[in-house]
Every structure is written in C-alpha cells, then in structure tokens.
Amino acid sequence: MQRRKFIERSAISLAGISLGSGLISTNLFAMTKNTSTKPVAVATWNFQNATKLAGAMLEDGASALDAVEKGVMVEESNLKNTTVGDGGAPDRDGNVTLDACIMSPDGNAGSVVYLKEIAHPVSVARKVMEETPHVMLAGEGALQFAIQQGFKRKNLLTEESEKAWKEWLEHKQYKPIINIENHDTIGMLCMDENGDIAGACTTSGLSYKMNGRVGDSPIIGAGLFLDNEIGGAVGTGMGEAIMKSVGSFLIVELMRQGKNPQEACKEAVLRTIKQNANFRDFQVAYVAMNKKGEIGSYCIHKGFSYAKFHNGESTNNPSDSYLKD
Ligand code: SD4
C-alpha cells in the first residue's frame with residue numbers, strides 16, 4: 001500500500017482499537033501522524049490545479065519527473081492562461097512561440113525554445129532530454145523533432161488572444177516591461193516519496209515580445225535549476241533580469257552554502273535589484289525547495305504567491321517582497 005495511505009489507515013484503526021482509553025488513543029495517533037515533508041509539489045503563482053494534480057500523483061507513488069511534467073501541462077492546456085501553452089499571447093507579429101524546460105533528479109535536462117504549434121512544449125523538452133544527446137532544440141528544428149516524436153501541430157492562437165493582439169497593434173506600444181499584474185508562467189518543483197526532486201518551467205514568454213525573443217524559462221540555471229543533493233529553484237517575471245543573474249542556479253548554490261530557501265531567494269532578488277536601476281518597473285519572483293522539503297520564496301513587487309500541495313492539502317502562499325506596496 002502507498003505509504004501515506006498506510007499511515008492514515010493505521011492511525012484510524014489504532015485510534016479505533018483504543019477507544020476505551022482516550023489517553024492511549026491520542027498517543028498512538030500522535031506517533032503515527034505523518035510529519036514527513038515528502039512528497040510535496042510547489043509552483044509559481046496560484047496554480048493550485050497544477051499542484052493538486054502533481055501532488056495527488058506523488059501521493060500515489062509517481063516519480064517527481066512524471067508529476068512535474070503532468071502538473072505544468074495543466075496550465076499549458078488552460079486557455080484562460082494567456083502566458084503559457086495553448087492560448088498564450090503571441091509575439092508582436094502574431095506568432096505564438098513557446099519556451100519550456102524540464103530537469104530530472106539525475107541532473108539531466110531538456111529544453112525547447114521558440115517552439116510553434118505544439119500545445120505541450122514541456123513534453124517535447126522531456127523528449128529532447130530522453131531521446132537526444134542534446135539539451136536544447138530551437139524553432140523549426142524543435143518543431144520537426146516534435147512531429148517526429150508524434151506530437152500534433154495545432155493553431156495555438158485563440159480567438160481571444162488574436163483579438164487582444166489586434167487591439168495591441170492599434171497602439172503598438174512595445175515596452176520590454178512586464179505588467180506586474182499579468183504573470184502566468186508556471187515553474188514547478190516536485191519532491192517524490194523517495195525524496196527525489198524534479199522541476200519544469202513553461203511559458204509563452206512576454207506578450208507581444210520581439211519575434212525571436214527567448215526568455216529565462218527554458219534556460220537551465222535561469223528559469224529553473226536543481227541539484228538533487230541540495231534542492232531546486234524556479235523563477236518567473238522579467239526573463240531578461242533572471243537571465244542576467246542566472247537566478248535559479250544562484251539560489252541552488254546559495255542553498256548549498258547553507259542558506260535556507262527563503263534566504264536564498266531573497267539574496268537572488270537583491271542581486272537583481274542591485275543590477276537593474278529600473279527594478280521598480282518589473283517583477284522577478286522565485287520559489288525554492290531544499291532537500292528537506294522546506295519551501296521559500298521572494299520577489300520584487302508585492303502580489304506574488306506560490307501554490308503548494310502537501311499531505312493532502314492545497315494552499316496558496318503569499319510571498320515576501322522587497323517593495324511592500
Ligand atoms: C519570460 N519569465 O519569458 C517569462 C515571463 C513570465 O509570467 O514569467 N511570465 O520572461
């Protein structure tokens with residue numbers, strides 16, 4: 001029987017057997033309560049549908065890698081999410097181009113950038129990791145590879161996103177600044193029953209970006225990094241700032257040096273603030289998990305939160321921020 005269910009059922013039956021003695025039953029229940037931090041799933045923003053799915057899979061014994069892939073796919077399929085997967089906002093020329101990456105506990109990684117017409121770029125990234133000698137495939141080559149692997153082409157520009165893009169075209173204001181109210185990139189970290197960590201990150205990037213622009217999300221070390229001996233980190237927000245500080249790699253290295261996930265995320269954000277005089281104009285946010293299953297997060301602007309699923313409970317957790325209002 002799967003471990004958590006076993007613990008719950010044992011606790012219930014033990015409590016039942018000892019009904020005659022309140023004291024004994026309480027003690028037995030306390031002894032059998034599951035206090036382990038594993039398994040656990042966390043994701044950027046309030047993507048609880050994604051963490052619930054991944055968390056339920058983990059509790060049923062799935063590997064961190066399978067759970068993290070399926071978890072982020074929830075948002076890739078969500079047409080209301082206009083910065084991930086199907087329904088993602090196009091670039092300024094009307095092309096929907098997707099970036100995604102995945103990392104497994106053994107340190108292997110796969111990534112796709114500027115991928116068109118494929119609704120689940122994270123799964124193509126996993127195929128790159130598992131079926132090729134490479135880490136990253138781009139554009140037309142990534143699309144050809146996906147088709148060879150059996151993925152189906154699909155028009156990802158929905159009526160709504162086309163309409164919004166056409167409205168944007170009327171003013172054509174291109175500001176390489178993220179509206180801090182409009183972040184939807186999903187980065188997720190999962191720790192399975194064995195304590196192994198996997199991560200994934202997937203996005204359509206900045207809305208109305210320049211054609212050819214690639215952000216941090218598919219860059220190993222920027223939007224995602226993990227070391228199964230230490231922990232993992234994922235980022236969201238202004239990709240350019242995250243890339244310039246190799247934020248997720250930095251956080252994992254800071255955890256290696258002894259910082260907890262919260263301290264490490266804060267240090268990475270402080271570096272970005274130091275590096276960018278215009279830091280008030282954009283958001284950068286990180287979530288990190290260490291090998292103990294402890295979670296931390298930090299961001300520039302108030303308003304970021306992370307979703308977590310642990311021990312049957314789904315929560316949305318507001319992050320501490322540098323700017324308080
Ligand atoms: C990017 N980091 O492409 C992504 C954008 C993002 O929520 O996080 N949006 O720069």
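Both counts, for ligands and for their atoms, begin at 1 and track the order of listing.
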Hey, does K209 sit under 4.0 Å from ligand 1 if you only count heavy atoms? no

Check whether the ring centres of W45 and F304 lie less than 6.0 Å apart, and answer yes or no. yes

Is there a donor-acceptor contact under 3.5 Å linking the side chains of D106 and S104? yes

Geometry only, no angles: is [X] polar-contacting ligand 1 at N/O separations under 3.5 Å?
X: D216; value: yes
X: G239; value: yes
X: G237; value: yes
X: T236; value: yes
X: T83; value: no

Taking only Lys NZ, Arg NE, NH1 and NH2, and the carboxylate oxygens of Asp or Glu, determine whether D227 and R256 approach each other closer than 4.0 Å. yes

Does only the side chain of M243 get under 4.0 Å from ligand 1, or the backbone, or both, or neither? Count heavy atoms. neither

Is there a side-chain contact (heavy atoms from CB on, under 4.5 Å) between T202 and D99? Walk through the geometry before answering. CA-CA 6 Å; T202 177; D99 297 338; over 6 Å; no

Under 4.0 Å to a heavy atom of [X] - the qualifying atoms of ligand 1, by number:
X: S217; result: 2 (N), 4 (C)
X: T185; result: 4 (C), 5 (C), 6 (C), 7 (O), 8 (O), 9 (N)
X: G205; result: 3 (O)

By the side chain to side chain donor-acceptor pair (under 3.5 Å) test, which pairs, at least two apart or in different chains, include something from residues 119-130? D66-R126, E69-S123, E69-R126, E76-H120, S77-H120, R126-E130

Before you tell me yes or no, could you show the steps for K154 and D86 under salt bridge (Lys or Arg N to Asp or Glu O under 4.0 Å), namely the whole-Å CA-CA distance, both residues' side-chain angles and the distance that decides it to 0.1 Å? CA-CA 9 Å; K154 187 178 179 203; D86 205 356; 2.4 Å; yes

Only counting residues at least two apart or in another chain, list the ones meeting ring pair (Phe, Tyr, Trp, His ring centres under 6.0 Å) with F309. none

